[in-house]
2 protein chains.
Amino acid sequence: MSVALAAVYQHPLLSDRDLQVIFAAHQLKSFKKGDFLLQKGQTSKAYFCVEEGLIRSYVYDYNGNDITTGFIGKNEIAIDVVSLFTGVPSEEYLQALTDCQCYMIDLETLQELYHSIKGLNEWGRAWMSGSLFALKQRTIAMITESASARYRKLEIQHPQILQQAPLKFIASYLGVTDSSLSRIRKELCKST
Amino acid sequence: MSVALAAVYQHPLLSDRDLQVIFAAHQLKSFKKGDFLLQKGQTSKAYFCVEEGLIRSYVYDYNGNDITTGFIGKNEIAIDVVSLFTGVPSEEYLQALTDCQCYMIDLETLQELYHSIKGLNEWGRAWMSGSLFALKQRTIAMITESASARYRKLEIQHPQILQQAPLKFIASYLGVTDSSLSRIRKELCKST
DNA sequence: TTGATTTCTTGTCCTAGGGCAAGCGCTAAC
DNA sequence: GTTAGCGCTTGCCCTAGGACAAGAAATCAA
């Protein structure tokens with residue numbers, strides 16, 4: 001049984017039986033480095049629980065800048081919530097930064113589970129709440145913290161991202177240029 | 001029947017009958033300017049649909065800065081999603097910037113409706129998706145746009161906020177100081 | 001191996017916006 | 001009245017980080 005799925009679907013209202021049904025509804029998918037799990041313009045029909053590897057989500061802003069909106073690693077969910085749940089074409093890309101193993105579940109199957117497993121709706125709400133919270137924290141950090149502080153936090157909270165993602169993506173995620181990030185790292189090395 | 005509630009609960013899966021039941025589950029509450037709908041440390045037990053007035057949500061960051069995380073106006077929902085749906089104490093404050101009329105629904109009643117009205121779960125997911133989307137847009141704007149561009153956007157999209165909220169709150173929402181915002185406004189006046 | 005591409009660093013110069021402090025209306029309280 | 005306290009503006013100086021461009025260093029292709 002998958003470690004990733006067990007980690008993702010942790011919730012007091014989900015029994016072991018529920019979990020077995022949920023697990024059985026997922027299919028294992030492999031992606032090569034560079035593969036897209038979702039591209040702009042497509043309407044998302046599924047989401048992916050990451051068992052192994054690292055995914056990057058990004059958008060192009062109206063200036064054509066490639067902006068990394070997030071990294072999705074082990075035991076996390078790669079999803080475009082808006083596209084999946086409102087049926088509109090996606091604004092963002094989900095791309096594998098490394099070779100990946102993911103457990104996929106499609107919307108139709110998910111909807112059925114929502115009806116048959118009571119706790120799953122609660123789990124979904126809790127998961128979304130968590131996402132909203134994380135994003136709000138990020139927005140506040142963008143306002144109140146220096147680039148260097150944001151980098152240090154990422155270093156502590158998600159060290160695997162620093163190892164697996166190229167610096168330019170980390171830079172756009174942190175809201176700085178890659179040159180600036182390079183300088184920030186130099187400073188941090190010096191001061192240690 | 002309330003205009004605000006009709007606007008808030010717009011969804012293809014909600015029938016007129018559903019809406020009547022939903023409406024009946026809300027209670028009208030009045031708040032005076034300065035009243036708190038929710039304070040840090042309290043565990044949220046309800047949310048509020050704004051019929052009239054303007055609410056500000058804010059947090060203190062770890063430096064003690066008061067950061068405006070959002071404005072909630074007419075036909076919008078004032079809620080701390082995280083606290084309400086995961087039962088943890090709130091990190092943020094919800095405060096009335098003006099006298100307000102709101103329709104309140106408590107968590108318990110909401111849970112019952114989730115069970116009795118099928119479409120409501122879908123509506124909830126759609127609403128959360130929308131919130132996530134809006135917040136993501138805001139984060140991207142914080143990265144890629146100048147303070148002045150962010151101000152102009154707010155001016156166009158939510159003119160009532162500019163009229164009803166003091167400048168310092170708008171400034172912290174936009175991620176600048178009130179002095180800077182004052183200068184930005186001067187520039188914009190000149191160039192018009 | 002060798003060229004090509006991407007990744008990362010570094011330099012120079014420049015600007016948006018912060019920090020701080022003063023000033024100038026307002027309205028509210030006494 | 002006048003004193004206090006917001007809300008907003010302005011001036012002066014300073015710094016974090018952007019723009020652009022030129023190298024290293026690493027990776028990949030053939």
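Just so we're on the same page: letters track the sequence lines, and every chain starts at 1.
For the atom pair CD1 (Ile184(A)) and CD1 (Ile170(A)), the distance works out to 11.5 Å, reported to the nearest 0.5 Å. Taking CG of Asn75(B) as the reference point, atom OG of Ser2(B) lies at 7.5 Å (rounded to 0.5 Å). In this structure, CD in Gln111(B) is found 10.0 Å from CD1 in Ile105(B), a value given to the nearest 0.5 Å.
Taking the six-membered ring where the residue is Trp, Tyr103(B) and His26(B) present perpendicular rings, their angle passing 60° and hence far from 30°. Classification of the Tyr93(A)-Tyr58(A) ring pair by plane angle, with boundaries at 30° and 60°, yields parallel.
Across all their heavy atoms, Phe85(A) and Ser129(B) have their closest contact at CB-OG, 3.5 Å. The heavy-atom pair separating Leu188(A) from Tyr151(A) by the smallest distance is CD1-CD2, 3.4 Å. Looking at every heavy atom in both residues, Cys100(A) comes nearest to Gly53(A) through SG-CA, 3.9 Å. For the residue pair Val8(A) and Trp123(A), the shortest heavy atom distance occurs at O-NE1, 3.1 Å.
Protein chain A contacts DNA chain D from dG17(D) to dC20(D), reading 5' to 3' and using non-hydrogen atoms of the protein with a distance under 4.0 Å. Chain B approaches DNA chain C over the interval dG17(C) to dC20(C), counting the first and last nucleotide 5' to 3' with an atom under 4.0 Å from its heavy atoms.
Seen from the ring of Tyr173(B), Arg138(B) counts as a face-on cation partner, given the 6.0 Å and 45° thresholds.
In the model, Ser148(B) has a side-chain atom that pairs as donor or acceptor with a side-chain atom of Arg152(B) under 3.5 Å.
Residues satisfying the salt bridge (charged side-chain N to carboxylate O under 4.0 Å, His left out) criterion with Asp99(A), sequence neighbours excluded, are Lys32(A). Checked against salt bridge (charged side-chain N to carboxylate O under 4.0 Å, His left out), Asp106(A) has no partners two or more places apart in sequence or in another chain.
Of the residues near DNA chain D, Ser180(B) and Ser148(A), the one whose nearest nucleotide (by heavy atom distance) lies more toward the 5' end is Ser180(B).
If one axis is set at each end of the helix from dC8(C)-dG23(D) to dC30(C)-dG1(D) from five pairs, those axes are 40° apart, to 10°.
Of the residues in residues 157-179 of chain A, Pro166(A), Leu167(A), Lys168(A), Ser179(A) come within less than 4.0 Å of DNA chain C through at least one heavy atom, sorted by number.
Arg183(B) comes within 4.0 angstrom of a base, heavy atoms only.
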